[in-house]
Each structure stands twice: as C-alpha cells, then as structure tokens.
Amino acid sequence: MNKMNITGAESVIRSLLAEDVSTIFGYPGGAIMPIYDALYDFREQVNHILVRHEQGAIHAAQGFARSSGKTGVVFATSGPGATNLITGLADALIDSTPVVCITGQVASHLLGTDAFQETDVIGISMPVTKWNIQVTKSEDIPAAIARAFYIASTGRPGPVLVDITKDAQFGKFDFQYEKCSSIRSYLPKPELNVDLLHKAASLINNAKKPYLLIGQGILLSEAQNELMTFVEKSGLPVASTLLGLGAFPAKHPNYVGYLGMHGNYAPNVLTNECDVLIAIGMRFDDRVTGDVSRYAKQAKLIHIDIDKAELNKIIPAEIAIHSDAKEALTALNKLVQSKNHDEWLNEFRKLELEEYEEVITDAIHPKEGELKMSEVVNLISEITDGEAIVVTDVGQHQMITSRYFKYQKPKTNITSGGLGTMGFALPAAIGAKLGAPEKEVIAIIGDGGFQMTIQELGTILQCGAAVKIVILNNNFLGMVRQWQQLFFDRRYSFTDIKNPNFLKIAEGYGVSGEKVTTREDLKIGLNNLLSNKNSYLLEVIVEREENVFPMVPTGASVSEILLTEKHGTNI
C-alpha cells in the first residue's frame, strides 16, 4: 500500500476498511468528532448505524459478530460515551464475542486534569476487555487497530478497546496499514499435543457410558462438521450448554438436550452416571455444574478448550487438552473407533420421556388457562423449523426459549449467557439482522428486559432492520419472581411491574404490531409477525406465574434436578 499523508481520524477509517469492516455501530460526541468527520467521506463504503445509547451499540455489535462470524465494531465518545460501553464489554468478554471499540478521548495534554468528559477508560475497561490501549500519537493508530483486530478475533475471541486522544485524531502522518498476524508472547492457537489425544481416544474407545458436552467453542472454531463426524462415528450422546445451542442439530438422534439449571432432565441426571465425560469448548460454569463437590465424581474427564485458564479451573480433568476445538476433533476423528451406544442412549430416552410426560406436554399443549411462554416458543420453533436466528434477553423467557426452540443451525442462538444482561436482545437482534440479512431474526424478550433498551426501536426506525419482536408479557420480572416464590415464601418484593402500552410506543417508532391474548389468536399473530417484510412487534400476554422447570436449586447436585415444584422437598 502506498503511503499517504492523512489525519489520524482518517487513518482510523482507512484502517477499518483494510480489515474489511463494512458496518459500524456508534454514537457521536465531542471527543470522537474528528473520526466522525472523516467517516463522512466514506459513507458509501461503510454503513454506520446510529444507535440511541452506547450500550445499544455494543450489544448490536455483539449480535452482528455472533450472526456473521466477523468482528463487531463500535464508535463512542469519551466520558459517559465510553463508560456506557462497560456492561457490553463485560458481556462480550465472558461470552467470547469479538468486538473492537474505538473511543474518543480528550487531548493528551488534558489527560489527568478532570477535563470535560474525561474518564480513565483504560483503567475502567481493563478488567472487562481482552486487551486495551490508549493512543496519543496519530502515527500509532494503524498498528493499534491492526493489533486490536488480531487479538479480538483469534484464540478465545473477546472485546478490545482502542482509546484515541483528540490531538492524535487531528495530527497528520504518512499512513500505511499492515494487518497484524503475530504478537510476541501471544499464541492464540496452541500446538496440539498428540500424545494426549491418543490417551483421550483410548478412554473414549473403552468407555461403556461416554458422554459429550459441547459449548460455544464448537461454533467459534466452526467445528460443527467435525463434531458431526465425531458423534456419528463414536456414537456418543451429546448435550449442549446455553451458548453451544445450534452447534449440533436438536433433531439428531444422538442429541440428548440442554444442560444446566433449567436444562433438560436426562442430560443433568446422567452426568453423574457416565464413566467418561468429554467436554469441548465449554467452561463448566456454575449454572452447568451445580454443586461441584458432587459433579461427575465417577467419571474420567477429558476437557478440550482453547483457553488454558479454563482447564482444571472448576472440574479437575483426567486429560486436559489445550487446543482449538476444530483441530482437536479433526485429529480425534482419525483415532476413535466406530461404535454405537444404543443401550446407554436409551437411558437418556427413558428420562426424556419422564420429563415429557411430567413437564413438556402441559407446557407446549396446555388444555386450558392462559397462554404459556413455552407454547409460544414451541410454536415459533415449529413454524420456522428451528432455523431462524433467535435472539433472547435474560430471564424466564430466555430459559424457556433455550428449552423449547429446537435449534438446527449454527449461529442461530444469540443470547447473553455468562453476564446475563437484561436489555441485550433488542439491540443484539438489530446487529444480528445486519450481520445476516438473509436470515429471519426473531427477538424473544420479556416485558422487563424490553424496557431497558426500548429506545433502540429508534435505531430500527432509522436503519430499517426487519427485526421481528416477540414480547412475552407476564407483568412480572419473572425469573426473580420465581425465586421469590420458591425460596422466599412468595414475598414478591418489587417484581410486579406495571407496563406501558408497548404497541403505541412501537407505533411511535414506525413499528407496526398487535397484541395476542388468546390461544386461538396465537398462530395468526405469529404468521402476521413472520410474513411481514418490515420489523413487527407481537405482544403476547402470558400466564403471570408460570415457572421454568426442571430446575437445579442453588447448592444442589445436577442429579437432584427437580422436574416440577411438587418434586422438591426443600421448596
């Protein structure tokens, strides 16, 4: 690339173009104004999405990254603009989402003086970013951005923040851009340990009751084809974490369900009966393990993860393999023997039937009473054949969607997992639609979470993203209310929420919609939602005190999962 003498602000835009960035989510302000001025000349090459709050920008960038497989990009100004990104940065870090945030900063001679809209964004964001840097010289901008994209997208992906002072944006230099392909001491793709793989294959080949747990690492390494080969050759039963949903088709005969506190009955109970447990691209968080002192004590664990810090962190492994999931599965597929484990799989099917009879039948086909969240989600799954991109917020509706939407394709489950951020879904759905415009994107949101970022309907108004919004309205902060019911003697302390007229608010933003209150109108409403070429809001009034079961109570073992409330001795 020939050198050109340009401002630091223009170098930001040209650097992003060199990284094939075509979409930016942001909100202008004083300290980033030079970059926005430079962006004005590149409007034909870059689609800038003006959000209504910086938190909306980063959640939209997360949704974009998760649906497209690319790195999301965010612009924000200094001070409150930058601090409004912090929740999203924390969310992206724990959920391994590649995002590059570029923030403006006061001029370098004002740093540390408490200047207008100055905050120590580097100090504040350090715990919630994979890497961050402050740039005070214009000539350092290209290298910082190149490094940011490399770090954000390689190894275990995550968010990166580049803070650029205003004088660095105005300064001129001879611009030349080189993509970053290596950093000394940073090794994003570890070398595969062949000896450990042979030991792992031997354990799998000799196991009587092997059991495979998959997480988002499968999706991040794009290892779904290798996973399918591995499962069909080895005959293993497969269960998924929340963020792993979609990595393996829910309708496959070896798929046994969703793991965790509100997951399926069989995959939780039989964790404590397998003899070899294989975990790939997942981190054994507390919602999956329950009481770790009673988690899979009888099993030999094979743990494969690209992040070395996750190995032996929660559950000690017999064989800990520091590896990219795709590389490990490719190698394992040559070593595992062709087997079937029909008798072992049948144990899952028996418990699955028990759950179906005790919980699922009434949840998806209730004979009377108010509409249930579960039947709404089940019907959406049936109508879309489990192939739409579904973006969920956080709470009961999130857990119900994870249980009843039958994900068939990768990159179709977008949710806030580790941080559990209410307000995530609406902006993330906008980003997801822009990242995969050919896909149907459905945001399933609770009435509480929707109001945390409701202003992002303005982003839909301006950018025209055809997001389909389903509000499951029970006039409660449902998940907190469920815990208050079960563990706090029904003392509903400030969880009963009085809601506005969502349809009128949506109409004000140019989004049409309707309200469904009866079972007879549900399918009509969903068909109207999905057939509309533009964004559409469907508000569904659901049972006020519907609970999500099964449930692993806090402090319980996964094998003590409660099928229903009546099964609990401590409730």
Side-chain angles (χ1 to χ4, degrees), residues 63 66-67 240 245-252 255 257-258 264 356 359-367 369-393 396-415 425-426 428-430 432-433 436-447 450 460 465-474 502-503 506 511-543 546 548:
R66 297 266 286 274
S67 71
S240 174
L245 292 169
F248 194 80
K251 294 179 182 177
H252 193 282
Y255 183 72
Y258 162 51
N264 294 113
Y356 192 87
V359 179
I360 296 175
T361 300
D362 184 60
I364 63 176
H365 299 300
K367 296 181 176 60
E370 298 172 282
L371 281 166
K372 291 179 178 287
M373 289 183 278
S374 43
E375 67 178 303
V376 179
V377 171
N378 181 69
L379 190 53
I380 293 171
S381 182
E382 289 179 353
I383 292 173
T384 62
D385 200 28
E387 295 191 0
I389 293 176
V390 174
V391 186
T392 51
D393 214 82
Q396 284 183 316
H397 73 277
Q398 176 192 33
M399 295 295 98
I400 283 173
T401 302
S402 303
R403 286 178 50 76
Y404 293 104
F405 192 88
K406 303 303 180 188
Y407 296 91
Q408 300 302 315
K409 302 286 186 181
K411 297 177 185 174
T412 55
N413 167 45
I414 299 175
T415 195
L426 182 58
I430 296 168
K433 184 64 179 178
E438 75 288 355
K439 294 273 192 178
E440 189 75 82
V441 175
I442 305 170
I444 300 178
I445 315 178
D447 47 310
F450 184 63
I460 292 176
V467 173
K468 309 303 170 62
I469 304 163
V470 179
I471 300 176
L472 298 179
N473 184 358
N474 57 9
F502 291 123
L503 295 179
V511 177
S512 57
E514 64 186 286
K515 180 187 288 189
V516 169
T517 59
T518 66
R519 196 157 283 119
E520 293 71 31
D521 293 336
L522 177 60
K523 193 163 189 176
I524 297 169
L526 287 173
N527 285 331
N528 291 340
L529 173 90
L530 296 171
S531 63
N532 201 294
K533 292 181 180 179
N534 301 311
S535 56
Y536 196 85
L537 186 147
L538 185 70
E539 180 185 4
V540 186
I541 306 302
V542 294
E543 182 181 321
E546 178 183 356
V548 193

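Being a predicted model, the structure only gives us computed values, none of them experimental. For the single chain, residues carry numbers from 1 onward in sequence order.
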Derivation and outcome, side chain to side chain contact (heavy atoms under 4.5 Å, CB included), residues D362 and K372: CA-CA 9 Å; D362 184 60; K372 291 179 178 287; 3.7 Å; yes
Might you work through the side chain to side chain contact (heavy atoms under 4.5 Å, CB included) test for I460 and L426, ending with a clear yes or no? CA-CA 10 Å; I460 292 176; L426 182 58; 4.1 Å; yes
Tell me, with the steps shown, if E514 and Y536 meet side chain to side chain contact (heavy atoms under 4.5 Å, CB included). CA-CA 8 Å; E514 64 186 286; Y536 196 85; 2.6 Å; yes
S67 vs K439, test: side chain to side chain contact (heavy atoms under 4.5 Å, CB included). Steps then yes/no. CA-CA 9 Å; S67 71; K439 294 273 192 178; over 6 Å; no
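Once rounded to the nearest 0.5 Å, the distance linking CG of D385 with CD1 of I380 reads 14.0 Å. Note: L379 CG to S374 OG = 11.5 Å, rounded to the nearest 0.5 Å. To the nearest 0.5 Å, atoms CD1 (I400) and OG1 (T392) are separated by 11.5 Å.
Across all non-hydrogen atoms, the minimal contact from A388 to I442 is CB-CD1, 3.9 Å. The heavy-atom pair separating G525 from V516 by the smallest distance is CA-CG2, 4.2 Å. When all heavy atoms of N264 and G257 are compared, the closest pair comes out as OD1-CA, 3.4 Å. A pairwise comparison of heavy atoms in S240 and Y255 identifies CB-OH, 3.9 Å as the closest pair. Of all the heavy atoms in I389 and A432, the pair that sits closest is CG2-CB, 4.3 Å. Heavy-atom minimum distance, V511 versus S535: CG2-OG, 3.6 Å.
By the 4.5 Å heavy-atom criterion applied to side chains, L538 and N528 are not counted as neighbours. Annotation: side chain of I364 is in contact with side chain of Y356 (closest heavy-atom distance under 4.5 Å). No side-chain heavy atom of F450 sits less than 4.5 Å from a side-chain heavy atom of D393. Residues S402 and L245 are in side-chain contact: their nearest non-hydrogen atoms beyond the backbone lie under 4.5 Å apart. Using a 4.5 Å heavy-atom cutoff, the side chains of F405 and T384 are in contact.
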Show every donor-acceptor pair shorter than 3.5 Å between a side-chain atom in residues 466-474 and any protein atom, with sequence neighbours excluded, or say none if there are none.
from	atom 1	to	atom 2	distance (Å)
K468	NZ	E440	OE2	3.1
K468	NZ	L529	O	3.3
K468	NZ	N532	O	2.7
N473	OD1	N475	N	2.9
N473	OD1	N475	ND2	3.4
N473	OD1	N499	ND2	3.1
N473	ND2	E539	OE2	2.8
N474	OD1	F476	N	3.1

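The list of salt bridge (charged side-chain N to carboxylate O under 4.0 Å, His left out) pairs with a residue in residues 400-412, not counting sequence neighbours, reads E222-K411, E355-R403.
Counting only distance, with no hydrogens or angles, the side chain of Q396 and the backbone of E546 share a donor-acceptor pair below 3.5 Å. When atom types are taken as modelled, the side chain of T401 and the backbone of H397 share a donor-acceptor pair closer than 3.5 angstrom.
Residue R519 is tested with K367, E375, E370 for a side-chain contact (heavy atoms from CB on, under 4.5 Å); the sole match is E375.
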